Every structure is written in C-alpha cells, then in structure tokens.
Novice: 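The following block contains the structure, expressed as structure tokens.
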Amino acid sequence: MIRSFLAIELPETIQKKIKEVQEDLKSSHADVRWVSPEKIHLTLKFLGNIEELRIEPIVKSVEEPVHTTSSFHLWVRGMGAFPHLKNPRVIWMGLVDEKGVLGSFQKQLETELEKIGFQAEDRPFQPHLTLGRAKSNRGRDELIGRMERYREEEFGDFQVERLILFKSDLRPSGPIYTPLRELRLGR
C-alpha cells in the first residue's frame with residue numbers, strides 16, 4: 001500500500017521565507033513540531049493508502065481538470081491557526097487566489113476522484129501551508145504574540161504550473177515525500 005496525496009509544490013523562494021518565519025516563531029520556545037520548509041506543500045487531496053495499481057486510474061481521472069486549468073498565480077499571505085489563533089494547534093500561512101482558480105480546480109479534482117471511489121471531503125477546502133503542530137501549551141502566549149505580527153504579512157507569490165501525485169513514507173525522523181507522477185496544467 002502507498003500512502004498518497006495530490007499537491008502543489010512550493011518554489012524555493014517561498015520555502016526560504018517560511019524558514020525565516022519559522023526561525024522567528026521557534027524563538028518563542030513553544031512546544032511545536034515544526035515541518036521542514038522543503039516538505040511543506042499545498043495538499044489538494046489526501047488519498048490515503050492506495051494499491052499501486054490505482055496510480056494510473058487516479059492520474060487518468062484527474063487529467064481533464066489538469067488539462068483544462070491553465071497555470072495560475074497564488075499569493076502566500078497571512079498567518080493563522082486551527083482551530084483558531086488563541087488556541088493554536090496547527091500553525092499555518094494562508095494562500096490567496098484572487099481569481100478563484102484554485103478553489104475551482106480543487107473541487108474538480110474532488111469530483112473526478114469521487115467517481116473512482118475516493119470519498120469527498122466533508123469540510124470546505126481551506127488552502128493553507130502547515131508550518132507546525134503544537135504538542136502542548138508550553139510557550140503558547142509568546143508564540144501567539146509572534147504569530148499575530150504576521151497576520152496580514154505578504155510572504156511572496158508564485159505561479160502554479162503542475163500538480164504532483166506524491167507518495168508519503170512515514171518515518172520516525174519525519175515523512176519522506178516522493179513524487180510518483182507530475183501533471184502539467186493546461187496541456
């Protein structure tokens with residue numbers, strides 16, 4: 001079985017900015033398990049554990065939305081937390097898609113994958129980049145104070161040109177993500 005998901009990779013410029021922000025947040029000494037910047041991506045659909053023989057049907061099912069969606073622009077803007085900033089469990093940077101392409105694209109992927117047996121998400125799609133997960137409340141107040149400084153911050157922008165089907169191997173040292181297929185938008 002292969003643990004897999006469909007995602008958009010981030011360019012190095014955004015990863016570098018994430019690293020700088022994480023360094024600042026880490027100085028709060030909060031009890032957070034931080035995600036390595038090079039492992040942060042925008043997940044559009046988590047597929048879970050799949051058999052290897054399902055890779056091709058998955059790729060085939062998403063071809064139409066991939067080919068009918070041209071490359072588009074995203075802005076990394078703002079910082080927040082789930083469930084909310086005053087109780088940060090998941091710390092994230094926001095994504096802004098001013099033309100609404102991302103939401104539409106994600107919904108099309110969801111629809112096509114549902115046709116081949118992948119259950120649609122119950123929750124609405126909230127595009128974000130997970131920076132870390134709080135393990136306890138230690139250092140929380142200082143962490144929140146630092147996060148509030150970034151609430152409206154512009155972190156950069158990038159062009160989305162491809163969708164990647166990733167394999168995720170969970171290891172004690174953290175997950176290892178391996179691209180299985182790359183699908184170029186608009187082709």
Side-chain angles (χ1 to χ4, degrees), residues 2-23 25 33-50 52 54-80 82 90-113 118 121 125-133 150 153-171 173-187:
I2 299 169
R3 183 179 161 90
S4 61
F5 59 92
L6 287 165
I8 294 168
E9 275 188 314
L10 303 175
E12 283 184 29
T13 53
I14 299 295
Q15 291 175 7
K16 188 172 183 267
K17 189 66 182 169
I18 288 170
K19 184 179 174 110
E20 290 169 14
V21 171
Q22 281 180 328
E23 291 304 317
L25 297 177
R33 188 176 66 240
W34 298 102
V35 180
S36 299
E38 65 277 1
K39 292 184 180 180
I40 296 174
H41 51 266
L42 172 57
T43 301
L44 298 184
K45 177 68 176 171
F46 179 72
L47 300 166
N49 291 318
I50 61 166
E52 198 165 339
R54 291 198 78 188
I55 292 172
E56 289 312 315
I58 288 166
V59 170
K60 199 109 187 100
S61 77
V62 300
E63 277 179 349
E64 185 176 340
V66 166
H67 293 155
T68 58
T69 303
S70 297
S71 69
F72 58 96
H73 214 79
L74 290 177
W75 285 260
V76 183
R77 184 183 303 152
M79 180 173 284
F82 296 131
V90 175
I91 298 148
W92 52 259
M93 282 180 173
L95 286 152
V96 177
D97 166 26
E98 292 178 349
K99 295 188 176 159
V101 178
L102 178 63
S104 171
F105 180 52
Q106 190 276 338
K107 193 170 288 204
Q108 289 173 42
L109 294 173
E110 191 85 70
T111 300
E112 294 305 316
L113 289 163
F118 290 95
E121 284 291 324
F125 178 61
Q126 288 188 285
H128 65 280
L129 305 173
T130 300
L131 303 187
R133 291 176 174 80
Y150 295 109
E153 181 92 12
E154 293 276 347
F155 299 108
D157 60 286
F158 64 101
Q159 192 73 15
V160 177
E161 297 179 347
R162 57 199 178 128
L163 177 69
I164 299 178
L165 174 62
F166 280 101
K167 169 184 171 183
S168 172
D169 290 312
L170 300 179
R171 303 276 166 86
S173 58
I176 296 172
Y177 301 132
T178 309
L180 296 174
R181 293 289 189 285
E182 180 181 307
L183 302 144
R184 298 201 68 76
L185 298 180
R187 295 184 182 187

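Numbering starts at 1 and runs along the sequence shown. Note that these values count all heavy atoms, side chains included, but never hydrogens, waters or copies made by symmetry. Owing to the predicted nature of the structure, the values given are computational and were not obtained by experimental measurement.
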Novice: Can you find a side-chain donor-acceptor pair between Gln108 and Glu112 that sits under 3.5 Å?
Specialist: no
Novice: Closest heavy-atom contact between Pro11 and Phe158?
Specialist: CG-CB, 3.5 Å
Novice: With rounding to the nearest 0.5 angstrom, report the CG to CG distance, Asp157 to Leu95.
Specialist: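 It comes to 11.0 Å.
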Novice: Would you call Leu25 and Met79 a side-chain contact if the rule is heavy atoms closer than 4.5 Å?
Specialist: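 Side chain of Leu25 against side chain of Met79, heavy atoms only: contact under 4.5 Å found.
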Novice: If you measure from the Lys or Arg side-chain nitrogens to the Asp or Glu carboxylate oxygens, is any gap between Glu110 and Lys107 under 4.0 Å?
Specialist: no
Novice: Looking only at heavy atoms, what is the nearest atom pair of Gly103 and Asp97, with distance?
Specialist: N-OD2, 3.8 Å
Novice: Looking at every heavy atom in both Arg162 and Ile8, which two are closest together, and how far apart are they?
Specialist: O-CG1, 4.1 Å
Novice: Starting at CZ of Arg54, measure out to CG of Asn49 and round the result to the nearest 0.5 Å.
Specialist: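 Arg54 atom CZ to Asn49 atom CG measures 11.5 Å (nearest 0.5 Å).
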Novice: Would you call Arg77 and Glu98 a salt bridge, taking side-chain N to carboxylate O under 4.0 Å as the test?
Specialist: yes
Novice: Taking the side chain as every heavy atom from C-beta outward, state whether Ile40 and Gln15 have any atom pair closer than 4.5 Å.
Specialist: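 No, their side chains stay 4.5 Å or more apart.
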Novice: Test Leu42 against Leu102 for side-chain contact (heavy atoms from CB on, under 4.5 Å), laying out the working first.
Specialist: CA-CA 11 Å; Leu42 172 57; Leu102 178 63; 3.8 Å; yes
Novice: Partners of Tyr177 by ring pair (Phe, Tyr, Trp, His ring centres under 6.0 Å), sequence neighbours excluded?
Specialist: Phe5, His41
Novice: Would you compute the distance between atom CZ of Arg184 and atom CG of Leu163 and round it to the nearest 0.5 angstrom?
Specialist: 11.5 Å
Novice: Assess whether atom CD of Glu64 is packed by more than 12 heavy atoms of other residues, nucleotides or ligands within 6.0 Å.
Specialist: no
Novice: Search all heavy atoms of Leu44 against all heavy atoms of Phe105 and return the closest pair with its distance.
Specialist: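 Between these two residues, the closest heavy atoms are CD1-CE2, 3.8 Å.
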Novice: Enter the distance from Ile14:CD1 to Glu9:CD here, rounded to the nearest 0.5 Å.
Specialist: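 Output value for this atom pair is 13.5 Å.
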Novice: More than 12 foreign heavy atoms under 6.0 Å from CD of Glu153: is that the case here?
Specialist: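 It does: Glu153 CD has more than 12 such atoms within range.
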Novice: Do Lys19 and Glu38 make a side-chain contact, defined as non-hydrogen atoms from C-beta onward lying under 4.5 Å apart?
Specialist: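 Result no, sub-4.5 Å side-chain heavy-atom pair not found.
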Novice: Considering only heavy atoms from C-beta outward, does the side chain of Thr130 approach that of Ile91 to under 4.5 Å?
Specialist: no
Novice: Does the side chain of Lys99 come within less than 4.5 Å of Phe72's, by heavy atoms?
Specialist: no
Novice: Taking only Lys NZ, Arg NE, NH1 and NH2, and the carboxylate oxygens of Asp or Glu, determine whether Lys16 and Glu12 approach each other closer than 4.0 Å.
Specialist: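 No salt bridge links Lys16 with Glu12.
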Novice: Quick check against the 3.5 Å criterion: does Glu161 have a side-chain atom that pairs as donor or acceptor with the backbone of Ser71?
Specialist: no
Novice: Would you indicate whether the side-chain heavy atoms of Leu180 and Ile2 approach each other to under 4.5 Å?
Specialist: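 Counting from C-beta outward, Ile2 and Leu180 do come under 4.5 Å.
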Novice: Would a 4.5 Å heavy-atom cut-off, applied to side chains only, mark Lys45 and Leu109 as touching?
Specialist: no
Novice: Between Ser104 and Val101 (side chain of the first, backbone of the second, donor and acceptor by atom type, cut-off under 3.5 Å), is there such a pair?
Specialist: no
Novice: In the structure I gave you, are the side-chain heavy atoms of Phe166 and Leu47 within less than 4.5 Å of one another anywhere?
Specialist: no
Novice: Quick check: closest heavy atoms across Ala7 and Thr43, and the distance to 0.1 Å?
Specialist: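 Closest approach of Ala7 to Thr43, heavy atoms only: CB-CA, 3.9 Å.
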Novice: Rounded at 0.5 Å granularity, tell me how far CH2 in Trp92 sits from CD in Gln126.
Specialist: 7.5 Å
Novice: Between Gln22 and Val35, is there a donor-acceptor pair closer than 3.5 Å when you use the side chain of the first and the backbone of the second?
Specialist: yes
Novice: Nearest 0.5 angstrom please: Leu129 CG to Leu10 CG, how far?
Specialist: 5.0 Å
Novice: Could you pull out the closest heavy-atom pair between Thr69 and Leu185, with the gap in Å?
Specialist: O-CB, 3.2 Å
Novice: Which is it for Val76 and Lys17 under the side-chain contact (heavy atoms from CB on, under 4.5 Å) test, yes or no, and what are the steps along the way?
Specialist: CA-CA 10 Å; Val76 183; Lys17 189 66 182 169; over 6 Å; no
